[in-house]
Amino acid sequence: MKLNVNRHRIAVRINWKYIAIGLAVLPFAAVFVAWLGFFNIGAASGHWRITELFLQLAMRSAVRTYAIGIEEPEAFDRGAILPAAGHFARGCATCHGAPGEPRPAMVKAMLPRPPRLERAVHAWDDAQLFRIVKRGIRFTGMPAWPTQMRDDEVWGMVAFLRRLPDLDPEEYRNLAYGPAKRSRASGFNGSFDAALAGCARCHGMDGLGRSAFVPVIAGQHRAYFVESLRAYAAGERASGIMELAATEADRKLWQRLAEYYASLPATEDEQSAADAERIARGRRIAQYGVPRRDIPACLGCHGRPDRNPVYPQLDGQKRPYLENQLRLFAEGERGGTDYAHLMTEFASRLERKEIESLAAYFASRQVQRGKAE
Amino acid sequence: MKAQSVAAYLLPVGCLVAGCSDAQSVLNPHGAEAESIALLFWITAIGGALIWLAVVGALIYAGRRHRKPYSQASAARLVLWAGAVVPSILLAVLLGYALALIPDLRPLAASADDDRLHIEVIGEQFWWRVIYHPPDGQPVVSANEVRLPVGERVTFSLKSTDVIHSFWIPPLGGKMDMIPGRTNTFSLKATKAGIFRSPCTEFCGPSHALMAFTAVAMKPGRFDRWLANEGKEAVNGKPGLKPFLANGCGACHAIRGTEADGAVGPDLTHLASRKTLAAGSLPNTEDAIARFIAEPDEVKPGVRMPAFGMLPQDEIDAIAAYLARLE
Ligand SMILES: [Cu+2]
């Protein structure tokens with residue numbers, strides 16, 4: 001190639017061969033420099049100001065871009081805030097702190113340092129918070145949600161984060177620890193009492209669940225209870241909240257926890273008279289199914305006192321929880337024990353109205369106490 | 001060519017025509033409808049063969065050596081008669097004959113006659129619900145098998161709950177579509193006893209090829225005894241009933257005389273009296289029942305029964321042993 005500039009002839013020869021060789025050598029040179037090890041990866045000295053500005057820009061822009069198109073649910077359900085708070089205390093507060101709770105000094109030496117979320121959440125809209133909490137942030141230590149299968153738990157967390165700036169320490173402790181009222185989240189490991197206190201933060205000592213989205217586990221079949229914990233821990237039943245709880249509680253204690261909760265009485269939900277019609281509709285499906293659409297009679301599996309002990313007790317269970325589980329089955333996101341496909345096969349054919357009726361019916365059902373398996 | 005080798009060539013051809021199995025062949029008529037169709041077939045086939053021979057003969061005649069050309073007038077006459085008049089007459093006769101058969105094949109007022117046996121058959125992915133309505137007596141629910149008495153005209157009403165299926169008992173008659181939201185009626189009369197295979201003849205999903213029922217034409221007396229037994233409750237008391245109920249099989253299946261009253265899948269009250277299992281997919285043996293319980297989805301892709309392979313093997317075996325004895 002030749003360039004003619006004015007009358008002087010300046011010949012700039014671009015030799016393509018050298019460029020090709022240069023490009024080929026470049027990766028090796030880069031590896032060589034890295035291998036020399038002069039690049040400082042220590043966290044102590046922090047980033048240069050310019051690096052930090054660049055990284056912040058990249059992170060914020062990426063969150064903004066990836067949050068486009070995330071659909072927000074119509075309304076956050078208040079019942080979902082409580083288990084989110086319980087999860088926050090174990091899964092997030094260590095790094096981010098919580099009202100009235102300082103963080104370990106170690107965390108402040110992280111690079112980047114996890115921000116106090118009471119102050120940081122204002123900078124994000126709901127979809128952006130959802131994106132951060134669900135997918136995490138690479139290279140920072142901010143973890144992704146333990147399961148990518150379902151979004152409702154993450155939205156619950158977003159709803160909690162929105163509440164967070166207004167919570168005083170007392171309110172926070174009440175949400176996150178409840179009756180256990182421990183000043184800090186206790187570890188699950190170790191003694192049975194400590195494990196039980198851990199479960200009780202969400203499920204209560206009575207096993208009735210402290211919010212509409214925490215299921216009643218009092219009176220639940222032991223086999224189903226233990227199999228469910230196994231499925232949560234193995235990631236076969238999708239729940240970020242219970243995956244953390246199940247993996248933290250010592251496996252050897254599962255059976256005893258199951259026995260403890262199985263022995264407690266479950267009480268039924270109070271139904272308003274307006275629900276009578278809905279309950280009647282649910283009862284019809286539960287008793288006879290909808291053979292035309294291959295929907296089986298629920299009571300054939302869930303109603304018999306002598307049933308397979310892995311078939312859970314639904315009587316007196318919470319309505320929002322039941323609706324949510326049926327929706328998860330229908331969308332193929334629930335997972336569960338080795339028996340879970342029995343539900344998945346037909347749940348996608350249930351209509352929304354039928355799900356509501358069935359949930360209302362089972363919530364209203366007097367607990368059938370069979371052989372306490 | 002020796003006669004033997006001619007036979008060897010013709011055999012596969014004949015086999016092709018007959019569908020290779022008498023149990024599923026229209027050329028093996030056992031019913032009034034199938035007989036008239038078979039006769040129509042033979043008349044058309046033999047007539048067609050004769051015409052073909054005549055045409056080929058004329059061709060050879062026309063191609064002989066030392067031929068003299070026809071005059072313009074006689075050529076025109078030949079074309080008129082052999083090319084237009086005779087074929088039109090033959091086709092008109094054939095059409096008239098075939099049209100005359102129709103009223104007997106599709107009696108319009110099939111359902112009006114109330115004092116004869118009426119069988120309701122409902123196609124579902126991928127099996128057949130069969131309900132007998134005897135003129136005097138209670139309806140009897142069964143599945144995957146259609147039995148009818150020889151010598152009596154039987155009314156069928158055909159329905160579907162999901163997609164279009166089609167009902168055909170080749171040696172007896174049919175075929176008629178089963179259309180969701182409609183009831184199609186027609187009738188059949190078996191003239192000889194026999195056991196036939198009746199495949200679904202309208203593509204209906206991944207296991208369409210595994211959706212067939214057994215049709216049994218039997219002597220009227222035997223049929224009445226069979227129907228009386230089919231209407232009875234199951235003989236009870238085997239140990240396999242307990243795991244059957246505890247694992248929720250009763251949510252989908254009925255076994256009359258027990259607590260199982262599900263209506264999603266086939267009625268199992270007299271499962272063991274059926275010739276085949278799962279709508280012609282497996283032989284009806286205890287082992288096959290156990291296999292079907294454990295992996296129905298392997299046997300029939302897309303089946304509407306969940307697999308129970310996660311049950312302990314001894315429970316599966318106990319259930320299979322129980323079901324295999326429900327005569
Ligand atoms: Cu079909």
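Within every chain, numbering begins at 1; the chains are lettered A, B, ... in the order of the sequence lines, protein sequences first and strands thereafter. When reading the values below, keep in mind they use all heavy atoms of this one structure, side chains included, and skip hydrogens, waters and symmetry mates.
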Give a yes or no on this: more than 12 heavy atoms of other residues, nucleotides or ligands lie within 6.0 Å of atom [atom1] of [X].
X      : atom1 : value
A:R293 : CZ    : yes
A:R349 : CZ    : yes
B:Q313 : CD    : yes

Notebook entry, point to check: What part of B:I122 is in contact with chain A, defined as an atom under 4.5 angstrom from a non-hydrogen atom: side chain, backbone, both or neither?
Noted result: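 For B:I122, there is no contact with chain A at all, as no heavy atom is under 4.5 Å.
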Note to self: I need the B:F308 CZ to A:N308 CG distance, nearest 0.5 Å.
What the structure shows: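 It is 9.0 Å, given to the nearest 0.5 Å.
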Item checked: Point-to-point distance, once rounded to the nearest 0.5 Å, from OH of A:Y339 to CG of B:N247 ->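 Those atoms lie 6.0 Å apart.
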Notebook entry, point to check: Which atom pair, heavy atoms only, marks the closest approach of B:A307 to A:H341?
Noted result: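 Closest heavy-atom pair between B:A307 and A:H341: O-NE2, 2.7 Å.
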Check: Between B:A251 and A:G300, which heavy-atom pair has the shortest distance, and what is it?
Finding: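 Heavy-atom minimum between the residues: CB-CA, 3.9 Å.
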Check: Do B:M310 and A:L342 come within less than 4.5 Å of each other through their side chains, counting heavy atoms only?
Finding: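 They are in contact (side-chain heavy atoms under 4.5 Å apart), so the answer is yes.
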Check: Just wondering, do A:Y288 and B:V264 contact through their side chains at under 4.5 Å, heavy atoms?
Finding: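 B:V264 does not reach A:Y288 side chain to side chain.
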Next item on the list: Select, from B:M305, B:R304, B:E124, the one with the greatest count of heavy-atom pairs under 4.5 Å involving chain A.
Entry: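 Heavy-atom pairs under 4.5 Å are most numerous for B:R304.
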Next item on the list: Below 4.5 Å from any heavy atom of chain B, which atoms of A:I295 appear? Answer side chain, backbone, both or neither.
Entry: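 Only the backbone of A:I295 comes within 4.5 Å of chain B.
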